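Since the structure comes first, as structure tokens, the remarks are kept for the end.
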Amino acid sequence: MGLPDPAGPGALTGRREPPLGLRAARAERAVRARPEEPDPLRTAFQRDRDRILHTTSFRRLKHKTQVFVAPAGDHYRTRLTHTLEVSALSRTVARALELNEDLVEAIAMGHDLGHAPFGHAGEAALDELLRDRHGRRFEHNVQSLRVVDVLERGGRGLNLTREVRDGILHHTGPGRPATLEGQVVRLMDRVAYVNHDIDDALRAGVLSPSDLPDDEVAALGDSTSRRLTTLVSDVVEASRDSDEIRQTADVGAAFLRLRAFMFRNVYLAPPAGLEAERAGGVVRALFTRLCERPELLPPSPEPDPVTRATDFVAGMTDRYALRAYAEAFMPSEGPL
């Protein structure tokens, strides 16, 4: 999806921002595809944050999986709490580097709006189906941009600023965010999920503290709090005089090794791996049924039935998907 030229029409004046460093993105230079009058109280990036916050897509994140599908407990992370943790970490880094906190908050709030149900298992299932049957791909960052550009507000989209849209699109994948604020969110997304997923895996009994790799614990810390302090402080110091958001070599390498450990021992291992297989089966069954019977889809101005099915399934919460699967494929109780 193209992004409008920042020098073109639609530049926003907005409300004055607090003092920012020379490298910070500024709301008065932001642009929207459709020009709007400035808000008397909020900057353009604050308005974007608020628009995201009030969407139905944002509210649905509370019932979307982070790692463990339908965990038997109230203290496990969801996609919503992950989003809030990314926002908090990103704002800490932005303030320390004199970058734009409002921009990082808006990007963080919107970065996972397009995530499918059941976390990465749902994303992988949709991507496989679209690739094999329709020659397309499903990428949650691209879907997140579609949510804010097209799907919200009854098909009108949120008309967010170029900077927020760019940060949402490039929070993962091969592209690099155009702003330092977008780069902050991209890195803090990884820092957040590796650390809170360790905490959840310990709570679930999937890991014990002694399972964590000794060298990485020694380098980063033996608790979530200590690891986050190490990682955030390292990013701030490494990025203070840099033209990019980065980590030091030693801390960055230790973090990558810890992330690889989580993939081997949690994300792709039982029970999360087994639950992911089952969850992927739910997504595949629902998507296939809706593509075969598009009359079951809700009304939409989108003419392409495959895109409509993708939007609908990707927008489901875990529990909605499970309920829809049960209604479609499980026999009803009672006499036939």
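If you're wondering where the values come from, they're calculated on a predicted model, not measured in any experiment.
- Residue pairs meeting the salt bridge (charged side-chain N to carboxylate O under 4.0 Å, His left out) criterion with at least one member in residues 206-219, sequence neighbours excluded, are E216-R257.
- Contacts classified as ring pair (Phe, Tyr, Trp, His ring centres under 6.0 Å) and involving residues 259-288 (residues at least two apart or in different chains) are given here: F263-Y267.
- Remark: side-chain polar atoms of D48 are paired, donor with acceptor, to backbone N or O of T161 under 3.5 angstrom.
- Sorted by first and then second residue, the ring pair (Phe, Tyr, Trp, His ring centres under 6.0 Å) pairs with a member in residues 291-317 form an empty list; sequence neighbours excluded.
- Sorted by first and then second residue, the salt bridge (charged side-chain N to carboxylate O under 4.0 Å, His left out) pairs involving residues 102-121 (not counting sequence neighbours) are R49-E105, R79-D112, R91-E105.
- In summary, D50 and R42 engage in a salt bridge, as defined by a charged side-chain N under 4.0 Å from a carboxylate O.
- Put simply, the side chain of N141 gets close to the backbone of L169: a donor and an acceptor are under 3.5 Å apart.
- Looking at every heavy atom in both residues, S90 comes nearest to M188 through OG-CB, 3.4 Å.
- Remark: H63 pairs with no residue by the ring-ring contact (aromatic ring centres under 6.0 Å, His included) rule, at least two apart or across chains.
- Here ring pair (Phe, Tyr, Trp, His ring centres under 6.0 Å) pairs that include residues 192-211, with residues two or more places apart or in two chains, are H82-H196.
- Using a 3.5 Å distance cut-off with no hydrogens or angles, the side chains of S225 and S223 do not pair a donor with an acceptor.
- Remark: the H140 side chain and the H171 side chain contain an N/O donor-acceptor pair separated by less than 3.5 Å.
- In this structure, D132 places its CG atom where more than 12 heavy-atom neighbours from other residues, nucleotides or ligands lie under 6.0 Å away.
- Look at D149 and R165 and you find a salt bridge, because one of the NZ, NE, NH1 or NH2 atoms lies within 4.0 Å of a carboxylate O, short of that distance.
- Across all their heavy atoms, D166 and T179 have their closest contact at OD2-N, 4.2 Å.
- In summary, E163 and R29 do not engage in a salt bridge, as defined by a charged side-chain N under 4.0 Å from a carboxylate O.
- With sequence neighbours left out, T288 forms a side-chain hydrogen bond (donor to acceptor under 3.5 Å, both in side chains) with R133.
- Under the ring-ring contact (aromatic ring centres under 6.0 Å, His included) criterion, Y325 pairs with F329, sequence neighbours left out.
- For D304, the side-chain hydrogen bond (donor to acceptor under 3.5 Å, both in side chains) partners two or more places apart in sequence, or in a different chain, are R136, T307.
- Applying the salt bridge (charged side-chain N to carboxylate O under 4.0 Å, His left out) definition to pairs two or more places apart or across chains, those involving residues 176-195 are R176-E244.
- Between the side chains of D200 and Q66, no donor-acceptor pair of N or O atoms lies under 3.5 Å.
- By the 4.0 Å N-to-carboxylate-O rule, E275 lies close enough to R278 to be salt-bridged with it.
- Listed by first and then second residue, the salt bridge (charged side-chain N to carboxylate O under 4.0 Å, His left out) pairs involving residues 120-130 are D127-R131, D127-R137, E128-R284 (not counting sequence neighbours).
- The 12-atom threshold is not exceeded at CZ of R95, counting heavy atoms of other residues, nucleotides or ligands nearer than 6.0 Å.
- Residues meeting the side-chain hydrogen bond (donor to acceptor under 3.5 Å, both in side chains) test with E152, sequence neighbours left out: T56, S57.
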